[in-house]
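Structure, as structure tokens:
Because the structure is predicted, anything quoted here is derived from the model rather than measured. Start at 1 with the first residue, then count along the sequence. Just the heavy atoms: all of them, side chains too, but no hydrogens, waters or symmetry mates, feed the values below.
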Amino acid sequence: MNEATDTAPLVTALSDLRQVIMACSFALSAQQADERRAERDHLRREIEGLVARISSLGSPLLVVVGGVTGSGKSTIVNTLVGRAVSRTGVIRPTTDNPVLIVHPVDAHWFSDDRVLSEFVRVELEGARTKLNGEGDAARLQLVRDEDIPLGLALVDAPDIDSLSARNRAIADALLDAADVWLWCTSAAKYADQESMRYLARAGARRTALAVALTRVETEHVDELVGDFRAKLAERASIEPDLFTVETSRVIDERLPRPAVGGIERWLRELSGPLVRRSRRRQTIEGALDIMSEDVAGLIAWVKDETDTLGVLTDVINRTVAQSRHDFSNALDDGRALRDEVLLRWNRFAGTSGMLALVERAGERAGAWARGLMGALSGDRAEEETEVREAVATDVASLATQLLDLASGRIVTEWGTVPAGRDLLEAHPELAEAPSDLEANTRKTVDEWQSMVVRLVETKGAKRRMRARWLSAVINATATGAIIATLAQTGGLTGAEAGIATAAGAANQALLTRVLGAANMRWLINNARSDLERRFTELVAVHRRRFTEVLAAAAPSPKLIDQLDERAEAVQKVRSWLN
């Protein structure tokens with residue numbers, strides 16, 4: 001079995017893991033989102049670098065010259081190559097786009113996107129070309145040079161502590177892709193926290209590296225080297241090859257060649273096939289060893305976001321439940337209808353002779369039927385219509401107010417949670433009631449009243465005269481009575497409790513005469529249940545405004561398991577390394 005076939009399962013497993021990692025959006029991480037995304041992107045780049053190295057094991061060893069501002073990285077690279085191929089100077093940053101120097105025979109490995117695929121290739125022949133600018137895509141300046149050993153590619157990277165965020169990102173991407181680091185730091189900055197943080201990261205991942213301590217005065221070499229080695233062991237847990245580059249005069253952007261003699265010999269040793277393979281394998285194994293720990297860090301953050309999701313979802317659920325409870329209470333309290341409308345209806349039901357007329361409507365007598373029609377003509381006939389209109393207006397107003405209040409509650413409580421504040425800032429429309437809220441609410445209430453009419457027509461049919469024109473009159477009367485009872489008392493229980501009042505007794509008696517006691521109970525219960533169901537549907541539509549925004553930001557419920565499974569799969573298929 002050839003090497004490419006042996007490594008295929010690992011490449012596939014790494015690619016699958018990378019795909020899941022990029023699903024971690026951290027949109028609910030609030031002020032920690034940038035840090036978490038940076039770590040996610042760092043891990044993604046590491047995986048891409050691993051895939052590139054594993055897929056191209058025969059490629060030249062990629063040695064990235066990285067480090068802090070002012071450490072002379074470009075000057076060292078120019079000195080090693082023997083000519084000025086990378087820009088130097090006192091104005092920082094001097095390296096805006098990385099420069100890769102490789103032997104012409106090996107250049108084909110880097111002329112396409114097999115390695116460092118995120119960089120645009122720019123071939124440089126002869127004089128250097130300055131390609132920079134914040135808006136430019138990252139460019140990899142490719143230089144072919146016969147003085148570079150075969151099997152080796154040297155990259156001059158931007159500063160890791162550059163003032164330019166773009167340059168720092170490029171430096172990170174190159175270090176993540178490197179087989180070997182040549183880390184440069186000056187005598188003035190060797191103990192800097194940022195430099196030590198990078199070196200500690202390299203140590204934790206067993207990245208193959210050497211360190212160059214530059215701009216060292218001859219008389220201070222022993223003192224600085226001893227102190228630096230102690231700090232590397234204490235703060236980064238590493239004992240790397242350590243080179244000193246003493247302060248020398250720079251001519252044509254280069255140091256005297258002997259100043260980098262130790263680094264040059266080290267690089268030539270790296271270019272040997274066995275050493276090259278060993279260093280690459282060391283970096284790959286170290287990255288794989290710590291990958292489960294890196295993924296575990298992502299999982300912990302996703303769990304944290306899942307907890308935040310639960311908090312924000314609970315706000316929505318509690319508010320929805322409260323709105324339904326408030327609506328039900330409003331019906332129980334009779335708050336769904338204005339008092340003056342109820343008074344007029346109750347006078348009509350109790351004093352107009354409607355009870356007697358309804359009882360006699362069941363007999364076959366035209367005069368009595370005409371009397372019933374007369375009783376419902378003119379002002380009295382308008383009472384039932386006014387009840388329905390008033391109930392529709394007031395119930396719709398109640399529902400609209402409760403829905404608007406629900407939005408306000410959610411917005412207020414989300415505002416106490418950092419992730420909730422971020423969502424509200426990204427979606428300011430959530431703080432405003434939908435423009436069609438009132439219209440949709442009124443439409444729902446009108447549909448409810450139409451349903452009540454249909455219920456009355458169905459349940460009261462056997463107790464009324466067959467004459468269609470008379471049935472319609474009684475239908476309207478009974479519908480008005482049901483709606484008035486529901487609006488005034490909230491349902492059958494409240495109606496029974498209201499029997500002691502003349503108005504309650506008249507209304508109940510009217511319903512009983514028209515529909516019968518059993519039908520009356522069934523109708524009022526169903527009318528109440530249907531109204532509450534429709535309000536629940538309105539709440540669900542209103543709720544969706546928040547849940548859709550939250551769902552778009554929330555991590556997938558499967559993400560934690562997928563991260564764990566993909567990370568485990570990587571460890572299971574790394575046997576080709578042994």
Exam field: side chain [X] to backbone [Y], donor-acceptor pair closer than 3.5 Å:
X	Y	value
Trp181	Gly66	no
Arg53	Val115	no
Ser328	Arg324	no
Arg566	Ile21	no
Thr308	Asp304	yes
Arg545	Glu429	yes
Trp414	Leu312	yes
Arg421	Gly415	yes

Gap separating the [atom1] atom of [X] from the [atom2] atom of [Y], nearest 0.5 angstrom:
X	Y	atom1	atom2	value
Ser195	Ile160	OG	CD1	6.0 Å
Leu559	Lys303	CG	NZ	11.5 Å
Ile560	Glu305	CD1	CD	10.0 Å
Glu425	Leu430	CD	CG	12.0 Å
Arg37	Ser29	CZ	OG	7.5 Å
Glu118	Leu140	CD	CG	10.5 Å

The side-chain hydrogen bond (donor to acceptor under 3.5 Å, both in side chains) partner of Ser407 among Glu432, His542, Arg543 is His542

Exactly one of Arg574, Gln571, Arg205 clears side-chain hydrogen bond (donor to acceptor under 3.5 Å, both in side chains) with Asp289, and that residue is Arg574

Report yes if the side chains of [X] and [Y] come closer than 4.5 Å at any heavy-atom pair, otherwise no.
X	Y	answer
Leu405	Gln322	no
Val570	Val295	no
Leu14	Ile54	yes
Leu550	Leu28	yes
Leu43	Glu46	yes
Asp192	Tyr198	no
Leu174	Phe119	yes
Leu182	Val64	no

| task | Taking atom types as modelled, find out whether Ser397 and Gln401 have a side-chain donor-acceptor pair closer than 3.5 angstrom. | result | yes

Please step through side-chain contact (heavy atoms from CB on, under 4.5 Å) for the pair Gln449 and Val395, ending with a clear verdict. CA-CA 11 Å; Gln449 289 198 340; Val395 171; over 6 Å; no

Requested in this report: For the pair Val20 and Glu565, evaluate side-chain contact (heavy atoms from CB on, under 4.5 Å) and give the outcome as yes or no after the intermediate values.
Outcome: CA-CA 10 Å; Val20 176; Glu565 291 168 0; over 6 Å; no

Tested for side chain to side chain contact (heavy atoms under 4.5 Å, CB included) against Leu403, the lone hit among Asn440, Val539, Leu398, Val541 is Val539

From the list Thr319, Val315, Thr313, Val320, side chain to side chain contact (heavy atoms under 4.5 Å, CB included) with Asn317 holds only for Thr313

I would like to know whether Glu48 and Asp176 meet side-chain contact (heavy atoms from CB on, under 4.5 Å); could you show each step before the answer? CA-CA 9 Å; Glu48 290 173 350; Asp176 289 339; over 6 Å; no

Specify the closest pair of heavy atoms between [X] and [Y], including all atoms of both residues, with the distance to one decimal.
X	Y	answer
Ala30	Asp422	CA-OD2, 3.1 Å
Ala171	Pro158	CB-O, 3.4 Å
Ser186	Val68	N-CG2, 4.3 Å
Arg201	Leu175	NH2-CB, 4.3 Å
Leu100	Leu116	CD1-CD1, 4.1 Å
Gly286	Arg206	N-NH2, 3.7 Å

Salt bridge between [X] and [Y], side-chain N to carboxylate O under 4.0 Å?
X	Y	value
Glu537	Arg534	no
Glu438	Arg442	no
Asp41	Arg45	no
Asp446	Lys443	no
Glu413	Arg409	no
Arg44	Asp294	no

Between Lys558 and Asp561, is the salt bridge (charged side-chain N to carboxylate O under 4.0 Å, His left out) condition met? List the steps. CA-CA 6 Å; Lys558 300 179 181 179; Asp561 287 342; over 6 Å; no

### Query
Which is it for Ser111 and Arg121 under the side chain to side chain donor-acceptor pair (under 3.5 Å) test, yes or no, and what are the steps along the way?
CA-CA 7 Å; Ser111 58; Arg121 267 54 173 178; over 6 Å; no

Assess whether side chain to side chain donor-acceptor pair (under 3.5 Å) is satisfied between Asp161 and Thr69, documenting all intermediate values.
-> CA-CA 6 Å; Asp161 55 352; Thr69 304; 2.6 Å; yes

Evaluate side-chain contact (heavy atoms from CB on, under 4.5 Å) for Thr536 paired with Phe327, printing each intermediate quantity in order.
CA-CA 10 Å; Thr536 298; Phe327 185 73; over 6 Å; no

